[in-house]
Engineer: 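One structure, as structure tokens, below. Some questions next.
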Amino acid sequence: MRRYLLILLAIIAVGVVDHSVQADDSSSLPTNYFGQDAEDSSSTDFSFNDSSQTPSRQKLAIPRDTPTPLEGIRWRKKKILIYMRTTDPQLKAAFRSAVKKWNRVKVIKIKWTKDEEKANIIATDSDLSAHNTNTGVGYQTSQLGETKTEYDPDTHELYKATSILDPYQLDYTNENFRSEVAQHELGHALGLAHAPEYEHSVMVPRNIRTGITKNDRKTIRLLYQ
Ligand SMILES: [Zn+2]
């Protein structure tokens with residue numbers, strides 16, 4: 001017997017001038033809203049062979065009313081492997097710093113791997129302005145980063161996350177700010193959604209002014225403990 005799992009692809013982005021998030025007024029959406037600034041509903045069918053790789057179909061618990069909103073997805077395990085695909089020294093430093101900061105919460109352990117195949121999260125770079133030219137009319141996007149997540153909508157389990165930083169947009173920013181943008185993107189890769197502007201959270205999508213906050217740490221504890 002074969003089971004078919006639907007893996008949804010969501011693209012979550014952050015920017016100084018953000019894109020569709022603002023147009024949608026995402027702050028009014030329920031915290032577990034899946035489609036938040038998803039680019040489109042491109043989907044992939046996966047089949048699993050019962051004998052060798054049937055995943056556990058147990059639904060993962062997702063808490064409600066966390067200080068920082070959630071996407072409604074998470075990793076099944078607490079040890080998460082990340083692979084550095086970007087070769088940009090500034091972005092590498094930002095991702096390394098962000099991994100350290102998330103590990104300081106002491107709930108999940110993000111570990112660097114040299115094996116891209118084994119990685120859960122890919123840390124990479126892309127010119128996001130070029131990539132988004134067709135998304136709006138008369139809309140200037142200035143995105144700093146973006147995270148794509150692949151997950152099973154039935155079990156809420158994350159399979160893969162790709163966090164992207166834009167080297168051009170971040171070139172003239174300082175080291176601390178780049179780390180905060182990377183912390184924001186890895187926040188998405190762990191299952192966090194955008195927080196409203198008035199919250200004290202690294203997940204506020206525009207004008208990032210802070211790294212991981214007490215609220216964000218509490219949210220990760222609720223999500224993974
Ligand atoms: Zn974001």
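Only a predicted model underlies this, so the values are computations on that prediction, with no experimental measurement involved.
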Engineer: With rounding to the nearest 0.5 Å, note down the distance linking CZ in R217 to CZ in R104.
Structural biologist: 10.0 Å

Engineer: So, for A119 and I82, which heavy atoms are closest and what is the spacing to 0.1 Å?
Structural biologist: CB-C, 4.3 Å

Engineer: Side chains of Q169 and Q143: closer than 4.5 Å at any heavy-atom pair?
Structural biologist: no

Engineer: Establish whether L222 and Y224 are linked, either directly or via other cluster members, by ILVMFWY side-chain heavy-atom contacts under 4.5 Å.
Structural biologist: no

Engineer: Any side-chain heavy atom of N103 sitting closer than 4.5 Å to one from K109?
Structural biologist: yes

Engineer: For E175 and S179, which I'm curious about, is there any donor-acceptor pair between the side chains at under 3.5 Å?
Structural biologist: no

Engineer: Please report the closest heavy-atom contact between L158 and L190, naming both atoms and the distance.
Structural biologist: CD1-C, 4.3 Å

Engineer: Side-chain contact, heavy-atom cut-off 4.5 Å: W75 with I110?
Structural biologist: no

Engineer: Could you walk me through whether T68 and D216 pass the side chain to side chain donor-acceptor pair (under 3.5 Å) test, one step at a time?
Structural biologist: CA-CA 6 Å; T68 304; D216 301 324; 2.6 Å; yes

Engineer: I'd like to know if the side chain of R74 and the backbone of L223 have a donor-acceptor N/O pair within less than 3.5 Å.
Structural biologist: yes

Engineer: Kindly compute the distance separating OG1 (T86) from CG (L91), expressed to the nearest 0.5 Å.
Structural biologist: 4.5 Å

Engineer: Considering only heavy atoms from C-beta outward, does the side chain of T162 approach that of I121 to under 4.5 Å?
Structural biologist: no

Engineer: If I compare all heavy atoms of S163 with all of L186, which pair ends up nearest, and what's the gap?
Structural biologist: OG-CD2, 3.9 Å

Engineer: Stepwise, does the side-chain contact (heavy atoms from CB on, under 4.5 Å) test hold for R76 with Q58?
Structural biologist: CA-CA 10 Å; R76 187 169 291 279; Q58 193 197 344; 4.1 Å; yes

Engineer: So which atom in R96 and which in M84 form the shortest heavy-atom distance, rounded to 0.1 Å?
Structural biologist: CG-CE, 3.8 Å

Engineer: Working to the nearest 0.5 Å, report the span between OH of Y83 and NZ of K118.
Structural biologist: 13.0 Å

Engineer: Could you report the tightest heavy-atom contact between K160 and I122, atom names first, then the distance?
Structural biologist: CE-CG1, 3.9 Å

Engineer: Could you walk me through whether D125 and D166 pass the side-chain contact (heavy atoms from CB on, under 4.5 Å) test, one step at a time?
Structural biologist: CA-CA 6 Å; D125 64 78; D166 188 326; over 6 Å; no

Engineer: Quick check: do W102 and Q183 have side-chain heavy atoms less than 4.5 Å from each other?
Structural biologist: yes

Engineer: Are more than 12 heavy atoms, taken from residues, nucleotides or ligands other than K77, located less than 6.0 Å from that residue's NZ atom?
Structural biologist: yes

Engineer: Tell me, do S201 and T210 make a side-chain contact under 4.5 Å, heavy atoms counted?
Structural biologist: no

Engineer: Is a side-chain N or O of N215 found less than 3.5 angstrom from the main chain of P67, in a donor-acceptor match?
Structural biologist: no

Engineer: Are side-chain heavy atoms of H184 and H194 found at a separation under 4.5 Å?
Structural biologist: yes

Engineer: To the nearest 0.5 Å, tell me how far T213 OG1 sits from M203 CE.
Structural biologist: 10.5 Å

Engineer: Quick one: closest heavy-atom pair of T124 and F95, and the distance?
Structural biologist: O-CE1, 3.6 Å

Engineer: First locate atom CG of D152, then atom CD of E157, and finally report the distance between them rounded to the nearest 0.5 Å.
Structural biologist: 7.0 Å

Engineer: Would F177 and L170 count as a side-chain contact (heavy atoms from CB on, under 4.5 Å) if you check the C-alpha gap in whole Å, the side-chain angles of each, and the deciding distance to 0.1 Å?
Structural biologist: CA-CA 9 Å; F177 181 77; L170 290 168; 4.0 Å; yes

Engineer: Verify, without hydrogens or angle tests, whether R85 (side chain) and E116 (backbone) share a donor-acceptor contact under 3.5 angstrom.
Structural biologist: no

Engineer: Could you give the distance from OG1 (T173) to CD (E180), rounded to the nearest 0.5 Å?
Structural biologist: 10.0 Å

Engineer: Which residue in the set E185, E71, H188 passes side-chain hydrogen bond (donor to acceptor under 3.5 Å, both in side chains) when paired with T147?
Structural biologist: E185

Engineer: Transitively linked via ILVMFWY side-chain contacts under 4.5 Å: L81 with Y151?
Structural biologist: no

Engineer: Between L165 and Q90, is any pair of side-chain heavy atoms under 4.5 Å apart?
Structural biologist: no

Engineer: Let me check something: do L192 and V107 share a hydrophobic cluster, defined by ILVMFWY side-chain heavy atoms less than 4.5 Å apart, either directly or through other members?
Structural biologist: yes

